[in-house]
Amino acid sequence: MKIFSFSCHVLTNHICNLCINHFLLTNLHYCTWLDYRWEEERATDGSKWSFLEHKGPVMAAPYEPLPSNVRFFYDGKQMKLSPEAEEVATFFAKMLDHEYTTKDTFQKNFFKDWRKEMASEEKSKITDLKKCNFNEMGEYFKAQSEARKAMTKDDKLVMENERLLQEYGFCIMDNHKERIANFRIEPPGLFRGRGDHPKMGMLKRRIRPEDIIINCSKGSKHPKPPPGTKWKEVRHDNKVTWLVSWTENIQGAIKYIMLNPSSRIKGEKDWQKYETARNLKKCVERLRNQYREDWKSKEMRIRQRAVALYFIDKLALRAGNEKEEGESADTVGCCSLRVEHINLYPEKDGQDFVVEFDFLGKDSIRYYNKVPVEKRVFKNLQLFMENKQPEDDLFDRLNTSILNKHLQELMDDLTAKVFRTYNASITLQQQLKELTSPDENLPAKILSYNRANRAVAILCNHQRAQPKTFEKSMQNLQTKIDAKKDQLSDAKRDVKSAKADLKVRRDEKFKKAVETKKKAVERLEEQLMKLEVQATDREENKQIALGTSKLNYLDPRISVAWCKKWGIPIEKIYNKTQREKFAWAIDMAEDDYEF
DNA sequence: AGGAATACTTAGAAACCACCTA
DNA sequence: TAGGTGGTTTCTAAGTATTCCT
């Protein structure tokens with residue numbers, strides 16, 4: 001792995017001393033990116049840290065049996081469940097008003113797993129989910145969450161949460177106190193996959209200390225397991241960044257506890273990611289020429305590789321690893337596209353060689369797009385589809401590992417996902433250049449920023465469900481706008497009459513009155529403009545999620561530079577969390593930064 | 001070579017919370 | 001002062017990519 005040098009400019013020593021002094025005085029303090037500038041060079045042996053100490057995870061709260069007045073009925077008759085069976089039943093009861101629980105797969109999986117937890121006589125009695133009545137349980141939990149909502153801030157729960165955060169929410173890595181992202185063990189419950197997931201409703205087991213692997217320094221104070229229990233293992237592996245791991249029972253996947261995005265270890269990696277994307281910028285034309293050549297190759301595997309790469313580059317598709325069938329929802333990316341996911345039109349809507357994409361991508365989000373492509377691509381696609389069934393792979397001679405191996409040969413550290421990062425960031429930079437006009441006011445500039453951001457979100461197909469309250473809140477906004485317009489026309493009339501008064505009697509007092517009234521009009525016009533901008537922004541945004549690209553694809557230095565160039569306060573673009581995550585960029589980028 | 005295991009990033013939904021307004 | 005509203009935070013699933021193993 002390549003290590004980036006942290007020899008940053010002039011300020012370095014100054015910050016270094018400040019930080020050391022602070023460090024000595026307070027022993028430990030919460031660190032920002034700046035504190036790392038003076039850090040000694042990183043190790044080059046692949047280690048990620050040299051000292052790591054933490055308190056371990058917060059285990060999920062133990063199950064509290066239901067009060068006896070909350071009853072369960074089977075086939076109309078009340079039935080007392082064993083604690084094990086009752087706990088699983090409560091998971092279902094808590095989800096009762098979610099349409100999820102009505103799905104056949106969900107019910108089947110749930111019932112099968114629930115029965116595994118039942119005592120033998122329960123098992124023989126409870127044989128049909130339809131005869132189970134969880135309503136009292138459901139009501140009970142609804143009432144509980146209502147009660148919790150009603151409780152005030154200074155409540156015990158909030159205090160307890162704060163205590164847990166302070167005690168378990170931080171660790172020490174290489175002399176710095178760092179925030180941990182997810183220090184709580186995932187509680188048991190019913191698995192909810194995205195989309196049409198074959199395992200929805202399965203029981204997500206409670207994680208015990210015996211399932212947990214701790215990773216920390218040999219010389220550190222090891223986290224203690226709860227009394228009477230043991231960790232599965234305590235290891236000391238500084239080639240990885242995680243503090244805690246366990247294996248989850250639904251997919252058999254490993255879960256990790258890791259540091260917050262504001263941490264040095266995540267920030268460095270993020271920086272590195274954008275540097276790789278900038279390297280791609282330098283050679284992307286060469287690569288494009290290369291794959292265009294490869295469309296003519298004699299070898300099928302090379303043609304497929306070249307067409308797939310063209311899609312990844314042009315449409316920002318994901319790589320598309322193979323997935324095990326039946327283990328998760330049926331979704332695809334570029335390399336795993338099937339014949340049924342595209343349609344070819346030699347001519348459509350006045351355009352030649354149109355490819356229509358329609359498939360479910362990550363998180364079962366639909367990707368639908370009609371794109372005119374070059375004739376060679378079109379002919380190749382026809383060739384790839386010859387003599388194939390709809391469910392056959394479009395690129396049968398290609399997978400992500402072949403593609404990435406090829407990319408590595410073209411550029412250091414180049415993989416398929418780098419194209420997404422590159423195309424997202426370069427699009428933002430171009431759009432900002434294009435959309436920002438110097439004489440716009442602040443809200444208009446921010447609208448321009450959001451529009452640039454939106455262009456990227458559309459490119460990356462970052463969608464969200466239209467908020468349930470969208471129509472109503474839009475109406476409310478329109479009401480406000482109408483009211484503001486009325487106010488404005490009133491104010492304008494006031495100006496007129498004041499001017500008339502002034503004509504009749506040239507007097508300081510009247511002159512002043514005209515000025516004030518004019519000011520009022522200006523203020524109202526500005527307010528109206530702000531509201532209208534807000535309405536436009538919201539309308540254009542209703543099904544698009546900006547957050548994902550902002551957080552994961554856009555080189556933050558582009559935004560920082562834009563803010564500096566136009567005198568926009570950074571707070572208008574990044575909230576507190578985002579500013580913490582991008583502290584390195586805020587610190588680093590000048591107004592002339594070029595991605 | 002290819003599949004399994006591992007580590008890490010990316011993702012949208014839900015929960016939470018601060019603020020406003022009727 | 002409740003109740004709506006919209007931004008923020010949390011949650012954890014679902015990807016990508018590399019490494020390990022046979």
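These numbers were taken from a predicted model, which means no experiment stands behind them. Here is the naming used below: chain letters follow the sequence lines, and residue numbers restart at 1 for every chain.
- Across all strands, A:Ser328 comes closer than 4.0 Å to no nucleic acid atom at all (heavy-atom distances).
- Between the OH atom of A:Tyr553 and the C1' atom of B:dT10 there is a distance of 6 Å, given to the nearest Å.
- Within the 4.0 angstrom heavy-atom criterion, no nucleotide atom of any strand lies near A:Ser245.
- Among the protein residues, A:Pro187 comes within range of the sugar-phosphate backbone only, with heavy atoms under 4.0 Å from sugar or phosphate atoms but none that close to a base.
- Put simply, the side chain of A:Lys362 and the base of B:dT10 share a donor and an acceptor less than 3.5 Å apart.
- Here C:dA13 is the nucleotide among C:dA13, C:dT10, B:dG12 with the atom lying nearest to any side-chain atom of A:Lys204.
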message: Treating primed atoms plus P, OP1 and OP2 as sugar-phosphate and everything else as base, which nucleotides of nucleotides 16-22 of chain C get B, S or - for protein heavy atoms under 4.0 Å?
response: BBS----
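- Of the candidate nucleotides C:dT10, B:dG12, B:dC8, B:dG12 has the atom lying nearest to any side-chain atom of A:Ala545.
- The side chain of A:Ile254 lies closest to B:dT6 when the candidates are B:dT6, C:dA14, C:dA13.
- Formation of a donor-acceptor pair under 3.5 Å by the A:Asn109 side chain with backbone atoms of A:Met200 is found in this model.
- When heavy atoms are screened at a 4.0 angstrom cut-off, A:Gln251 is found touching the sugar-phosphate backbone but no base atom.
- Taking a cutoff of 4.0 Å between a charged side-chain nitrogen and a carboxylate oxygen, A:Asp330 and A:Arg338 qualify as a salt bridge.
- Note on A:Lys576: nothing from the nucleic acid sits closer than 4.0 angstrom, heavy atoms only.
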